[in-house]
J.: 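Have a look at this one before I ask anything.
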Number of protein chains: 2
Amino acid sequence: MSHTHVHESHEQLKDALDTLKQTGVRITPQRHAILEFLVDSMTHPTADDIYKALEGTFPNMSVATVYNNLRVFREIGLVRELTYGDTSSRFDFITTEHYHVICESCNKIVDFHYPGLDEVEQFASHVTGFEISHHRMEIYGRCPDCSNKDLH
Amino acid sequence: MSHTHVHESHEQLKDALDTLKQTGVRITPQRHAILEFLVDSMTHPTADDIYKALEGTFPNMSVATVYNNLRVFREIGLVRELTYGDTSSRFDFITTEHYHVICESCNKIVDFHYPGLDEVEQFASHVTGFEISHHRMEIYGRCPDCSNKDLH
DNA sequence: TGTTACTTTATAATCCTTATAAACAGTGTA
DNA sequence: TACACTGTTTATAAGGATTATAAAGTAACA
């Protein structure tokens with residue numbers, strides 16, 4: 001299981017680097033590191049999280065570099081930017097289609113897979129006349145840990 | 001039709017003011033004006049939109065007043081805060097349950113009604129163990145106007 | 001080798017939102 | 001009415017996330 005995950009991560013990173021090549025985006029050490037961190041990360045990091053995480057490896061890296069490259073990755077479809085109510089955006093390496101459940105108490109974000117809401121898109125297209133491209137959905141609630149805390 | 005809408009607006013404003021009374025929130029001229037603007041607005045305004053719109057009536061009103069009261073309205077459930085990718089939040093007077101379609105070209109926001117996605121909430125609760133409270137969903141695409149522009 | 005375009009860095013600037021403190025206004029009580 | 005109490009607005013400062021800018025660095029390629 002763990003071995004499988006490691007292998008998947010490598011594959012995902014390799015695919016991402018291939019995408020960079022195909023799109024003509026240079027693979028710099030910083031870009032490599034940011035992508036690697038995102039692929040391995042299960043935590044939906046903010047730009048600052050990434051910046052801090054790579055501080056050790058790249059003592060001179062600028063915050064702007066993180067932001068610039070996250071924008072590049074977003075534009076070529078490698079990364080999704082999540083804008084919730086809180087102050088800063090979170091970034092998510094795109095693998096398969098999934099949604100997020102967010103704990104309103106501790107802000108934990110958990111993935112869950114669900115068949116795409118195509119029928120909602122079709123309905124929206126029908127009533128509004130829009131050409132639909134995609135949608136986003138998040139579900140809010142309390143995670144098991146925080147629910148248990150309430151019992152004390 | 002128009003007459004009906006005017007009447008509905010009055011009812012909605014009245015209901016909102018009642019809610020303020022019940023919750024023990026004072027009805028100040030500024031709060032009245034902000035609520036009235038939100039009820040009449042079909043445009044999902046930003047805090048700054050509201051500030052500018054009421055500048056004529058309240059030349060001395062502070063931006064902080066707008067933000068403070070939008071927070072109050074949100075906390076008592078009169079208003080919903082929409083956080084999309086763009087820089088500033090938009091605010092939406094809550095009437096009945098509806099979702100939003102957003103034009104990626106001109107940023108227009110159109111409402112559409114759709115039965116709540118309860119089954120998705122239940123599924124998410126089942127697989128993650130969360131106690132679900134609510135969800136959000138937005139659909140993105142191109143509005144008819146912008147689609148037509150492409151044809152030229 | 002030299003030129004060109006891209007990238008990173010460092011820093012400043014911008015913009016949205018919140019915090020703070022003083023002035024103001026309503027409400028209730030003696 | 002006078003007075004204290006609490007909530008509200010105002011004005012301004014501060015905070016924090018993100019973007020813009022210019023200089024320095026680096027890869028690609030003729």
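Because only heavy atoms are used, hydrogens play no part in the values below, and waters and symmetry mates are left out as well, while side chains stay in.
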J.: Would you kindly give the NZ-to-C1' distance between K21(A) and dA27(D), to the nearest whole Å?
T.: 15 Å
J.: Distance check needed: dG26(C) P versus H32(B) NE2, whole Å only.
T.: 15 Å
J.: Starting at CG of D49(A) and ending at P of dT18(D), how long is that distance when rounded to a whole Å?
T.: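 Computing the D49(A):CG to dT18(D):P distance gives 11 Å.
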J.: Transitively linked via ILVMFWY side-chain contacts under 4.5 Å: I34(B) with L82(B)?
T.: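 In one cluster: no.
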J.: Could you label the plane-to-plane angle of the F112(B) and F123(A) rings as parallel, tilted or perpendicular, counting under 30° as parallel and over 60° as perpendicular?
T.: tilted
J.: Can you tell me how far the CD1 atom of I27(B) sits from the CG atom of L17(B), to the nearest 0.5 Å?
T.: 4.5 Å
J.: Hey, does the side-chain of S62(B) have a donor or acceptor N/O within less than 3.5 Å of a partner on the base of dA11(D)?
T.: yes
J.: Within the pair T28(A) and dT26(D), is there a side-chain N or O less than 4.0 Å away from OP1 or OP2?
T.: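 No.
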J.: Out of dT12(D), dT9(D), dT9(C), which has the shortest distance to the side chain of N68(B)?
T.: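 It is dT9(D).
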J.: Any base atoms under 4.0 Å from N69(B), or only sugar-phosphate, or nothing? Heavy atoms, all strands.
T.: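 Sugar-phosphate, backbone atoms only, no base.
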J.: Return the nearest nucleotide to the side chain of M61(B); candidates are dC16(C), dT9(C), dT10(D).
T.: dT10(D)
J.: For S89(B), which contact category applies under a 4.0 Å heavy-atom criterion: base, sugar-phosphate, or nothing?
T.: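 Here S89(B) touches the backbone only, sparing every base.
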J.: dT8(D) P sits how many Å from I34(B) CD1, rounded?
T.: 12 Å
J.: Of the nucleotides dT10(D), dT8(D), dA10(C), which one has an atom closest to the side chain of R26(B)?
T.: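 From the listed options, dT8(D) comes nearest.
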J.: Choosing from dT9(C), dT10(D), dT7(C), which nucleotide comes nearest the side chain of A64(A)?
T.: dT9(C)
J.: With a 4.0 Å limit, can you tell me whether Y67(B) has a side-chain N or O closer than that to the phosphate oxygens OP1/OP2 of dT18(C)?
T.: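 No.
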J.: Just how far, in rounded Å, is C1' of dT26(D) from CZ of F58(A)?
T.: 14 Å
J.: Mind calculating the distance between CZ (R74(B)) and C1' (dT18(C)) to the nearest angstrom?
T.: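 Rounding to the nearest Å, CZ of R74(B) and C1' of dT18(C) are 12 Å apart.
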J.: Name the residue closer to the 5' end of DNA chain D, choosing between G24(B) and P59(B) according to the nucleotide with the nearest heavy atom.
T.: G24(B)
J.: Take atom CG of L20(A) and atom P of dA27(D), then tell me their distance rounded to the nearest Å.
T.: 16 Å
J.: Scan V63(B), N69(B), V66(B) and name whichever one has a side chain to side chain contact (heavy atoms under 4.5 Å, CB included) with I50(B).
T.: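 When side chain to side chain contact (heavy atoms under 4.5 Å, CB included) is applied between I50(B) and each of V63(B), N69(B), V66(B), only V66(B) qualifies.
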J.: Which label fits H113(A) and H98(A): parallel for a plane angle under 30°, tilted from 30 to 60°, or perpendicular past 60°?
T.: tilted
J.: Can you check the R71(A) CZ to dA17(D) P distance for me, whole Å?
T.: 18 Å
